[in-house]
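Read the numbers this way: they start at 1 and go in the same order the structure lists the ligands and their atoms.
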Amino acid sequence: MTKTILTGIKTTGTPHLGNLIGMYKPALELSKVPDSKTFYFLADYHALTTNKSQDDYRQSRYEVAATWMAFGLDPSKDIFYAQSDVPEIFEIAWVLSCFTAKGLMNRAHAYKAMTQENIDAGKADQDININMGVYNYPILMAADILTFDVDLVPVGKDQTQHVEIARDIALRFNSHYGVEGFKLPKAHIKDEGAILPGLDGRKMSKSYNNTIPIFEDSRKLKKLIFKIKTDSTLPEDPKDPDDSTLFQIYRNFATTGEIETMREKYQYGIGWGDVKKQLLEVVERYLEKPREIYNNLIDDRDKIDQILQEGAVKAREMAAKKLNEIRKIIGIK
Ligand code: ADP
Ligand code: TRP
């Protein structure tokens with residue numbers, strides 16, 4: 001049986017090494033699973049819940065699209081589109097919202113955390129940062145998934161609740177009508193080890209302002225890598241690799257042999273400057289080919305638009321079929 005795999009990335013900001021290791025790379029590896037059908041998309045309307053600057057919005061859409069392709073997405077094989085180009089998804093989102101208990105949305109982590117932050121800051125519910133888009137976010141995400149009869153959704157741990165919500169809503173719809181209108185999806189969670197630390201040692205994240213953008217030019221990349229926080233142990237002191245931000249990043253870009261050698265060096269003594277130099281080398285090597293593809297694409301927005309349009313035609317054909325089935329089940333048709 002063919003497995004359908006789907007995942008999306010919000011188009012907010014510039015993709016960083018954490019996104020690469022935690023998201024792009026494992027998601028693209030799944031396209032190699034034999035007998036699989038893969039959907040990758042830009043969750044551009046999801047980005048509108050937070051990103052309100054027109055220029056940033058546009059820029060991020062192209063950066064995310066070019067990043068997908070730089071790391072091996074093949075638009076002739078994978079179905080690749082922007083969510084905003086498939087209007088059927090939004091109609092299905094409305095249908096799903098009518099089968100979603102309000103209480104289920106109240107329990108969604110992101111909304112709950114933002115509400116708590118507002119309460120702590122003494123801000124009222126009127127604050128626009130918690131807009132209805134934030135509240136409905138999980139329903140739109142459920143529509144992204146349920147529209148395409150998806151089996152597996154590769155996501156980070158932070159997103160598993162959203163996939164469970166999609167299942168809950170699908171179940172409610174199916175049991176109401178007594179038919180399998182929507183297929184029940186499963187989250188495919190990446191292993192814990194995949195969390196990449198950022199410049200300050202905390203999880204690399206745009207919200208912490210500690211990221212290393214993937215396609216920064218070589219000079220800036222070097223500057224950032226040399227900015228990664230280290231402690232004051234001397235070169236000759238033994239160091240614990242598992243407690244080192246530099247090593248945690250290094251191990252994602254180096255070969256098995258290089259990782260072993262680096263572990264030994266930590267034990268017998270190596271200066272932080274040397275580790276940074278070697279980290280820069282393996283990251284540069286890893287990025288060499290993707291950077292070439294990325295740089296060629298990022299200035300050719302017409303080409304990216306065209307690829308996304310072609311993908312949207314394929315996605316829409318499937319989405320329209322699903323929407324038709326759902327309309328029949330509801331009794332609109
Ligand atoms: P940010 O925290 O920078 O805003 P996003 O929330 O846009 O990043 O991240 C999208 C996906 O990328 C997440 O669901 C997660 O799977 C992955 N990701 C983000 N940061 C990291 C990280 N530091 N290490 C591993 N994966 C990450
Ligand atoms: N919410 C996801 C994130 O922030 C992005 C996303 C939107 C998504 N729709 C999706 C992921 C559907 C998987 C499937 O990372």
Side-chain angles (χ1 to χ4, degrees), residues 4-28 30 38-51 56 60-61 63-64 67-68 71 79 81-84 86 89-90 92-93 96 108-111 113-114 133-134 136-167 169-170 185-214 228 245 248-249 251-253 315 319:
T4 302
I5 300 167
L6 169 144
T7 199
I9 295 193
K10 249 186 314 177
T11 54
T12 44
T14 297
H16 55 72
L17 293 182
N19 299 140
L20 170 61
I21 297 303
M23 185 74 211
Y24 289 94
K25 202 172 143 234
L28 286 165
L30 285 175
T38 35
F39 292 71
Y40 300 114
F41 70 96
L42 314 184
D44 50 357
Y45 264 134
H46 272 119
L48 189 59
T49 60
T50 50
N51 190 359
D56 291 354
S60 183
R61 285 180 88 253
E63 286 181 359
V64 171
T67 303
W68 272 124
F71 288 102
I79 299 179
Y81 55 96
Q83 176 192 47
S84 61
V86 186
I89 292 171
F90 301 90
I92 289 182
L96 296 176
H109 296 323
Y111 167 75
M114 287 177 85
V134 170
N136 289 325
Y137 188 109
I139 302 177
L140 181 55
M141 181 157 161
D144 290 332
I145 300 169
L146 300 178
T147 299
F148 297 103
D149 289 332
V150 171
D151 297 293
L152 284 182
V153 187
V155 281
K157 234 176 138 213
D158 56 327
Q159 294 295 315
T160 51
Q161 189 199 26
H162 286 149
V163 182
E164 274 153 28
I165 288 175
R167 271 180 86 90
I169 304 175
K186 274 207 188 90
H188 176 91
I189 309 154
K190 292 151 320 208
D191 70 89
E192 275 297 310
I195 293 291
L196 207 79
L199 299 177
D200 56 0
R202 290 187 292 172
K203 177 188 171 204
M204 189 179 288
S205 168
K206 283 171 293 251
S207 357
Y208 297 144
N209 222 347
N210 64 354
T211 67
I212 303 179
I214 305 171
I228 296 172
T245 303
Q248 293 316 308
I249 304 178
R251 60 190 269 274
N252 281 287
F253 296 95

**OP:** Run down the list Lys206, Lys25, Gln248, Arg202 and name the one with the heavy atom closest to atom 3 (O) of ligand 1.
**Re:** Lys206

Original post:
Looking only at N/O atoms, are Gln159 and ligand 1 under 3.5 Å apart anywhere?
Top reply: no

Subject >> Asp44 and Ser84: side chain donor to acceptor below 3.5 Å >> reply: yes

**OP:** Pull out every atom of ligand 2 sitting under 4.0 Å from any heavy atom of Thr7, numbered as shown with elements.
**Re:** 11 (C), 13 (C)

Subject >> Per-atom contacts, ligand 2 versus Val153 - under 4.0 Å to a heavy atom >> reply: 13 (C), 14 (C)

**OP:** Check ligand 2 against Tyr137 and write out every atom of the ligand that is under 4.0 Å from a heavy-atom position of the residue.
**Re:** 1 (N), 2 (C), 3 (C), 4 (O), 5 (C)

Original post:
Mind checking whether Ser205 has an N or O less than 3.5 Å away from an N or O of ligand 1?
Top reply: yes

Original post:
Which of the atoms in ligand 2, numbered in the order shown and given with their element, are less than 4.0 Å from a heavy-atom of His46?
Top reply: 7 (C), 9 (N)

Original post:
Got an N/O contact under 3.5 Å between Gly18 and ligand 1?
Top reply: yes

Subject >> For Ala43, the ligand 2 atoms whose distance to one of its heavy atoms is below 4.0 Å >> reply: 7 (C)

Original post:
If you measure every N/O of Leu196 against every N/O of ligand 1, is any gap under 3.5 Å?
Top reply: yes

**OP:** For Lys10, take its heavy atoms, then give the atoms of ligand 2 lying under 4.0 Å from any of them.
**Re:** 4 (O)

Subject >> Within reach of ligand 2, part of Phe41 (heavy-atom separation under 4.0 Å) >> reply: side chain

Original post:
Does an N or O anywhere in His16 fall below 3.5 Å from an N or O of ligand 1?
Top reply: yes

Subject >> Contact partition for Asp158 relative to ligand 1, non-hydrogen atoms under 4.0 Å >> reply: side chain

Original post:
So, Tyr81 versus Phe148, ring centres under 6.0 angstrom or not?
Top reply: yes

Original post:
Should Met23 be counted as touching ligand 1, given the test is an N or O pair under 3.5 Å?
Top reply: no

